[in-house]
Amino acid sequence: MFFFGWAKITHHAAPTYLCTMERQLSEQEQFRREALEALRATGMDPFPAAEVPVSHLAQDIKNDYPSKPEDFSEVCVAGRLMTKRIMGKASFASLMDSSGRIQIYLNRDEICPEEDKSIYNDVFKKHLDIGDFISIKGHVFITQTGEISVHAKELTLLSKSIRPLPVVKKDADGNTYDAFTDPELRYRQRYVDLVVNEGVKDIFVKRTKVFATMRSIFNRAGYLEVETPILQPIPGGAAARPFITHHNALDMPLYLRIANELYLKRLIVGGFDGVYEFAKDFRNEGMDRTHNPEFTVMEIYVAYKDYFWMMDMTEKMLEEIAETVTGSSEITVSGKVISLKAPYARVPILEAIKTHTGLDLLGKSEDEIRTAAKSIGIEVTAAMGSGKIIDEIFGEKCEKHYVQPTFITDYPLEMSPLCKRHRDDDRLTERFELFINGKEIANAYSELNDPIDQRARFEEQLKLSEKGDDEAMFIDQDFLRALEYGMPPTSGMGIGMDRLTMLLTDQSSIQEVLFFPQMRPEKAD
RNA sequence: GACUCGAUAGCUCAGCUGGUAGAGCAAUACACUUUUAAUGUAUGGGUCCUGGGUUCGAGCCCCAGUCGAGUCACCA
């Protein structure tokens, strides 16, 4: 069983948050449990099993009732009770379903036409709480104050909520009061965040639309969506510290993938013309506003193409995604208007450095590059080769200037061990990174398919790692074997899906676009 | 990892020079048949993040720690 295997390796006690300890109930929780028992005492099941005959969503009623009121004489809506306004024998409530909120009007004598008024007087007024799931059958009408509402004929409890939700209110001007804002609580209890904070759902709906749009663009082009191993014996395809785990039956270490590049290229060797994968990757590094230990990358490889083709494809794809998801190819990111309309500027990295620092590094030796970097205040260490230094200069002095989408191209050979040499200059590679709003969004190559050169590049990485670069790449012998059988000329691209989503939803923190961002364990409740 | 800020009622927050813990919303009770941040009256609700220390006395001061946010470092 999973648990025993895991316990054997770690020897850790179960984290405290997994322990089920008696928790002191708050006054409000006690009241809700009493209400639950009171409902049971009336013979009502607070958690009934039957299917709910929902006929309409709140938003559809609000959209369509004005033009076709005759279609709304009998509706059934279901969702959470979010407010109760009781005025004696009549009440208003708001019901929230997946589409939004709608007001419910309840009248005692219509809900309870018989002698027994307990459904209204006891169940609705006393025992129903904010957060309970209910269904309402009735007809749609417009109140005196002009709000489209459901006039209730029948009220059914669907599920009792025994823990109070934070109550967030809005006034007539749209100002929000008592918003549920503590980031720790919002991320740990995302379910609550989604229920009470307006706009949170929308970010995640957009996230899914980004994925769906990208997928449909690739499928339209005939590329194959594939799955490749997450547990890898050699964590290849990128330079990063991996998570390590252990397979008991094989008694061997396995790594959670840091990238899937080398597996997708094996599939190109195998004869697929275009393959792509939305991949969760894992990197055992620091966490901050733009880094989560697990994150999502889309990688695509297309045979017989080069990186120029990939730039064309990428800019058209991003334009279409922006239009589909946000309704416009112009987006606003932290107050800046960014146009994702193709084509994008294309700037070789050494030209970018020349523009922003005045340094001309083309054809310079490692020592000259090191000296030049120091001259503009870049810190360099002995472990850094010329590629890493150039990357450092670009990151420090240039990157931030590329707010509008820009392909930075033709990186030095040393920085790109999986990338084909540049057709015009063998010190450079056919690589681009796409920068938007000063941040890297995508990375692509004309893929290196010369197995002899690939082996030499891996060996170069090995030397770097001996020099102290703990992120240099591992050598994957099976990948080299695959290349030796022959890989067609291929272009590949990886795009950070979390960061793309951040861009398209104007969020500055990766935690806002991940349902469940990584957190330290919380204390026992 | 370093620094800064924060943690008080279900939620958002206030808390004076160290002297028995406060508000709004939410909750409970009553009233109220078209309200919408419903309203009115009354009431209850606290491990002041944890553990030490100083003090006659600590939410507040000191030390150590936990969790979170921000900045930096790290990071293809």
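Letters go in sequence order (proteins before strands), and every chain restarts at 1.
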Less than 3.5 Å apart, any donor N or O on the side chain of Thr490(A) or Glu447(A) sitting next to an acceptor on the other? no

Evaluate the ring planes of Tyr307(A) and Phe432(A), with Trp represented by its six-membered ring, and classify them as parallel (under 30°), tilted (30 to 60°) or perpendicular (over 60°). parallel

In whole Å, measure the gap between the C1' atoms of rC32(B) and rA38(B) for me. 11 Å

Note: contacts of residues 184-199 of chain A with RNA chain B (heavy atom, under 4.0 Å) are Glu184(A), Leu185(A), Tyr187(A), Arg188(A)

Sticking with atom P, work out how far rC72(B) lies from rC13(B), rounded to a whole angstrom. 24 Å

Can you list, in residue-number order, the parts of residues 133-143 of chain A that come under 4.0 Å of RNA chain B, counting heavy atoms only? Phe141(A), Thr143(A)

Side-chain ion pair, Lys170(A) and Glu198(A), N-O less than 4.0 Å: yes

Kindly write out the residues that satisfy salt bridge (Lys or Arg N to Asp or Glu O under 4.0 Å) with Glu277(A), not counting sequence neighbours, or none if the list is empty. Arg257(A)

Please classify the nucleic acid contact of Ala259(A) as base, sugar-phosphate, or nothing, using heavy-atom distances under 4.0 Å. nothing

Taking 5.5 Å and 30° as the limits, would you call Tyr177(A) and the base of rA37(B) a stacked pair? yes

For Gln30(A), does the CD atom sit with more than 12 other heavy atoms under 6.0 Å from it, leaving out its own atoms? yes

Taking the same atom, C1', in rG10(B) and in rA27(B), what whole-Å distance lies between them? 9 Å

Using a 4.0 Å heavy-atom cut-off across all strands, classify Met415(A) as base, sugar-phosphate, or nothing. base

Can you sort out the partners of Phe516(A) under side-chain contact (heavy atoms from CB on, under 4.5 Å), two or more places apart, ordered by chain and number? Arg190(A)

Give a yes or no on whether Glu396(A) atom CD has more than 12 heavy-atom contacts from other residues, nucleotides or ligands under 6.0 Å away. no

With no hydrogens and no angle check, do the side chains of Thr83(A) and Ser94(A) hold a donor and an acceptor under 3.5 Å apart? yes

Hey, where does RNA chain B pair up into stems, meaning at least three consecutive Watson-Crick or G-U pairs with distances under 3.5 Å? B:1-7 with B:66-72, B:10-13 with B:22-25, B:27-31 with B:39-43, B:49-53 with B:61-65

Between Asp288(A) and His291(A), does a side-chain hydrogen bond (donor to acceptor under 3.5 Å, both in side chains) hold up when you go through it step by step? CA-CA 5 Å; Asp288(A) 60 29; His291(A) 297 82; 2.8 Å; yes

Quick test of your reading of the model: are Lys420(A) and Asp426(A) salt-bridged, counting only N-O distances below 4.0 Å? no

Determine the Euclidean distance between corresponding C1' atoms of rG46(B) and rU35(B); express it in Å to zero decimal places. 34 Å

Please identify each residue that fulfils side-chain contact (heavy atoms from CB on, under 4.5 Å) with Leu413(A), with sequence neighbours left out. Arg421(A), Thr429(A), Arg457(A)

Pairing of Glu459(A) and Arg455(A) as salt bridge, 4.0 angstrom limit: no

Separation between the C1' atoms of rU66(B) and rC11(B), rounded to whole Å: 23 Å

Name the closest nucleotide to the Asp288(A) side chain, picking from rC74(B), rA26(B), rG45(B). rC74(B)

Separation of the C1' atoms in rU43(B) and rU33(B), to the nearest angstrom: 27 Å

Taking atom types as modelled, find out whether Tyr301(A) and Glu299(A) have a side-chain donor-acceptor pair closer than 3.5 angstrom. yes

Can a side chain N or O of Lys169(A) be found less than 4.0 Å away from OP1 or OP2 on rA38(B)? yes

If each of Met287(A) and Ser416(A) is mapped to the nucleotide of RNA chain B with the nearest heavy atom, which maps nearer the 5' terminus, i.e. the 5' end? Met287(A)

Listed partners of His356(A) passing ring pair (Phe, Tyr, Trp, His ring centres under 6.0 Å), at least two apart: His401(A), Tyr402(A)

Passes side-chain hydrogen bond (donor to acceptor under 3.5 Å, both in side chains), Asn107(A) versus Lys89(A)? Steps please. CA-CA 6 Å; Asn107(A) 181 304; Lys89(A) 296 180 188 64; over 6 Å; no

Can you name the atoms? Protein N/O to nucleotides 22-24 of chain B N/O, anything below 3.5 Å, with the distance.
{"residue": "rG24(B)", "atom": "N2", "partner": "Asp178(A)", "partner atom": "OD1", "Å": "2.9"}
{"residue": "rG24(B)", "atom": "N2", "partner": "Asp178(A)", "partner atom": "OD2", "Å": "3.3"}

When the P atoms of rA7(B) and rG15(B) are compared, how many Å lie between them, rounded to an integer? 10 Å

Which ones in residues 103-110 of chain A lie close to RNA chain B, meaning a heavy atom under 4.0 Å from one of its atoms? Gln103(A), Tyr105(A), Asn107(A), Asp109(A)

Name the atoms and distances for all side-chain donor-acceptor pairs under 3.5 Å in residues 123-134 of chain A, with sequence neighbours left out.
{"residue": "Asp129(A)", "atom": "OD2", "partner": "Lys160(A)", "partner atom": "NZ", "Å": "2.7"}
{"residue": "Asp132(A)", "atom": "OD1", "partner": "Lys160(A)", "partner atom": "NZ", "Å": "3.4"}
{"residue": "Asp132(A)", "atom": "OD1", "partner": "Ser161(A)", "partner atom": "N", "Å": "2.8"}
{"residue": "Asp132(A)", "atom": "OD2", "partner": "Asp129(A)", "partner atom": "N", "Å": "2.8"}
{"residue": "Asp132(A)", "atom": "OD2", "partner": "Lys160(A)", "partner atom": "NZ", "Å": "2.6"}

What contact category does Thr181(A) fall into here, base, sugar-phosphate, or nothing, at under 4.0 angstrom with non-hydrogen atoms? sugar-phosphate

Taking any heavy-atom pair under 4.0 Å as a contact, classify Arg85(A): base, sugar-phosphate, or nothing. base

Show, in sequence, the C-alpha distance, side-chain angles and deciding distance for Glu29(A) and Ser26(A), and conclude whether the side-chain hydrogen bond (donor to acceptor under 3.5 Å, both in side chains) test is met. CA-CA 5 Å; Glu29(A) 287 172 293; Ser26(A) 70; 3.1 Å; yes

If you only use heavy atoms from C-beta on, which nucleotide in rC25(B), rG44(B), rA76(B) is closest to the side chain of Glu27(A)? rG44(B)

Between N or O atoms, less than 3.5 Å apart, protein on one side and nucleotides 29-32 of chain B on the other: list the pairs.
{"residue": "rC32(B)", "atom": "N3", "partner": "Ile86(A)", "partner atom": "O", "Å": "3.3"}
{"residue": "rC32(B)", "atom": "N3", "partner": "Gly88(A)", "partner atom": "N", "Å": "3.2"}

Can you confirm whether the side chains of Ser446(A) and Glu430(A) place a donor and an acceptor under 3.5 Å from each other? yes

CD1 of Ile136(A) to OH of Tyr105(A): how many Å apart, nearest 0.5 Å? 13.0 Å

Please lay out, stage by stage, how Thr505(A) and Gln507(A) fare under the test side-chain hydrogen bond (donor to acceptor under 3.5 Å, both in side chains). CA-CA 6 Å; Thr505(A) 57; Gln507(A) 295 297 319; 4.9 Å; no

Regarding Gln511(A), tell me which of base, sugar-phosphate or nothing describes its non-hydrogen contacts under 4.0 Å with the strands shown. sugar-phosphate

Starting at the 5' end of RNA chain B and moving along, which residue's nearest nucleotide shows up first, Glu396(A) or Asn443(A)? Glu396(A)

Can you tell me how far P in rU47(B) sits from the matching atom in rC62(B), rounded to whole Å? 25 Å

For Arg32(A), is there an ion pair with Glu27(A) - N to carboxylate O distance below 4.0 angstrom? no

Whole angstroms only, please: what is the CG-P distance between Leu434(A) and rA76(B)? 18 Å

RNA chain B-proximal residues of residues 397-414 of chain A, any heavy atom under 4.0 Å: none

With a 4.0 Å limit, can you tell me whether Arg520(A) has a side-chain N or O closer than that to the phosphate oxygens OP1/OP2 of rU66(B)? no

Once you apply a heavy-atom cut-off of 4.0 Å, does Arg289(A) come out as touching a base, just sugar-phosphate, or nothing? sugar-phosphate

